[in-house]
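First the structure, in the form of structure tokens, and then the observations on it.
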Amino acid sequence: MKAAVLYGKEELNIVSDFDDPSIGESDVLIQSKHVGLCSTDRSLYRGFVPFKPPLIIGHEIAGVVENLGKSAKDLDVGDHVIIPPVYPGCEDENCPACREGLTNRCKNSVFIGHGVHGGDAEFIAVPSRYTFKIKESVPLDEACIIPDAVSTPFHALKSRSIPPHIIQNTSNHGKLFERQTHWLKGKNVVVFGIGGVGGPTVNLAARYFQAKNVLAVDIFDNKLEFAKKLGATHTVNSKTYFEENNIAINELSGRDKAKAISGLARHITSHLAEDKFQVDCVLDCSGVSDTFPVAVETASKNRTIIQVGWPPKPVQEFLNQKIMDKYLTINGTWACPMNEMKEIVEAVEASTVDLNLLVTNKDYTLDSLENAIHDLEAGKILGRATLSIV
Ligand SMILES: [Zn+2]
Ligand SMILES: [Zn+2]
């Protein structure tokens, strides 16, 4: 089969004779139709993340069922499907994490396009129980971003945004997590970094979880304009703020830096003045370590910060007393448990997620994958890019 194979750092070859995957009894063979481009693909390509070559990359996959193993359930040849990028690898989901319902944190997690071959190829084989059917009315060149770019912020917003004291002191806990009565409904959310994950975060917070205000922070005006289209009610360009106030943030340290950071946080929250400066949830999707101290300053007391983007290095000179004083909940998040995938598919089918806005580039193919990676690093892709495979 035709496949995009990484043979080493920056050695990406498009080959036409890679072995077709074989399927086990409970597996399904999927013809990969469209695959989303993620910054993880770029990290693998540049050798920032270790991997065992040869590796077919690509982990945001939408395709069509080609063949089924004998005991594969609930699917038929020709069904349109999506595959989660991370699924449990343990038998019967019986590791400690799976037993707690954290199938996204399985001890033996399988990471498609990293630990095993991915979807930038004509075919891929996966267990049928982790293959999710999607209506044919959802275009596959948009559906492919659901498994990662949409499901990661979905899980963060749905399950990681609620402060523990609210959960403990509410008699009907379940309702806090249901869409129509979700805790975020009518609340104020701040999102740092409007990239491939920050965009869907804004869209989901505004449209699906029905936050009252969603404020987007970035250093590029075109990304902030994009955030407005996705549902942001307010935007702040942090770079412009520092420039207009003659603050050379990178040259500051100690108290001066702390003062500059709290000034930016006050500037951000002043946009929500009509709501008495309340910021209920801050999501850091920036992938930049320096954002974290700003997030801590921006979040209101007794509220939540979620680390959604991967921070590349430790935070320097950070005053962590603030976390204690503000009684903050700092939550990590990782992919999406299997039991939430169905709800995401339903949200997309009900058009409460604007996939058509989130996918901004559909012209790449398997042959132009390397160009797509270069365009991604050059900042030429505003939302998410998807590749056509066949
Ligand atoms: Zn990804
Ligand atoms: Zn497990």
Side-chain angles (χ1 to χ4, degrees), residues 4 6 26 32 34-46 48-51 55-62 82-120 124 126-127 129-130 132 142-156 193-201 204 283-287 307-312 332-341 344 355 358-361 364 369 372-373 375-377 381 383-387 389:
L6 259 186
S26 58
S32 183
H34 296 273
V35 179
L37 180 70
C38 176
S39 60
T40 304
D41 300 322
R42 181 236 169 191
S43 300
L44 286 161
Y45 170 76
R46 289 292 180 201
F48 299 155
V49 178
F51 64 93
L55 174 72
I56 299 173
I57 58 172
H59 57 269
E60 299 193 344
I61 304 153
I82 55 169
I83 314 161
V86 181
Y87 61 79
C90 61
E91 280 288 309
D92 304 323
E93 297 174 8
N94 61 0
C95 79
C98 283
R99 280 202 298 272
E100 290 177 5
L102 295 181
T103 45
N104 52 327
R105 302 297 294 149
C106 173
K107 201 175 125 208
N108 306 302
S109 277
V110 177
F111 192 161
I112 294 179
H114 183 192
V116 298
H117 287 312
D120 287 343
I124 181 166
V126 276
R129 66 183 190 281
Y130 304 131
F132 295 85
E142 294 173 3
C144 60
I145 73 160
I146 299 169
D148 188 19
V150 177
S151 80
T152 300
F154 182 93
H155 175 58
I194 310 305
V197 172
T201 304
L204 285 162
L283 296 106
D284 183 3
C285 305
S286 67
Q307 187 73 51
V308 188
W310 182 260
T333 194
W334 191 268
C336 180
M338 297 303 109
N339 62 356
E340 287 179 19
M341 285 299 295
I344 300 167
L355 286 186
L358 293 167
V359 176
T360 52
N361 303 64
Y364 298 110
L369 173 57
I373 292 173
D375 287 351
L376 181 73
E377 355 186 64
I381 297 167
R384 207 71 167 173
T386 62
L387 318 175
I389 304 299

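Counting starts at 1 for both ligands and their atoms, in listed order. All values below were derived from every heavy atom in this structure, side-chain atoms included, with hydrogens, water molecules and symmetry-related copies excluded.
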### Polar side-chain atom of Thr103 near backbone of Met338 as donor-acceptor pair, under 3.5 Å
yes
### Message
With a 3.5 Å distance limit and no angle check, can you tell me whether Gln307 reaches the backbone of Gly309 through a side-chain donor-acceptor pair?
### Response
yes
### Task
Return the minimal non-hydrogen interatomic distance between Ile61 and Gly58, and the atom names on each side.
CD1-O, 3.8 Å
Inter-residue atom distance [X].[atom1] - [Y].[atom2], 0.5 Å rounding:
X	Y	atom1	atom2	answer
Arg99	Asp92	CZ	CG	11.5 Å
Tyr45	Ile373	OH	CD1	6.5 Å
Leu387	Glu60	CG	CD	10.0 Å

### Query
Any side-chain heavy atom of Val110 within less than 4.5 Å of one from Val126?
no
### Query
Side chains of Arg384 and Cys38: closer than 4.5 Å at any heavy-atom pair?
yes
### Atoms named by residue and atom, protein N, O or S, within reach of the Zn ion (ligand 1) (under 2.8 Å)
Cys38 SG, His59 NE2, Asp148 OD2
### Task
Quick one: give me the number of protein N/O/S atoms under 2.8 Å from the Zn ion (ligand 2).
4
### Message
One pair to check against side chain to side chain contact (heavy atoms under 4.5 Å, CB included): His59 and Asp41. What are the steps and the verdict?
### Response
CA-CA 8 Å; His59 57 269; Asp41 300 322; 3.6 Å; yes
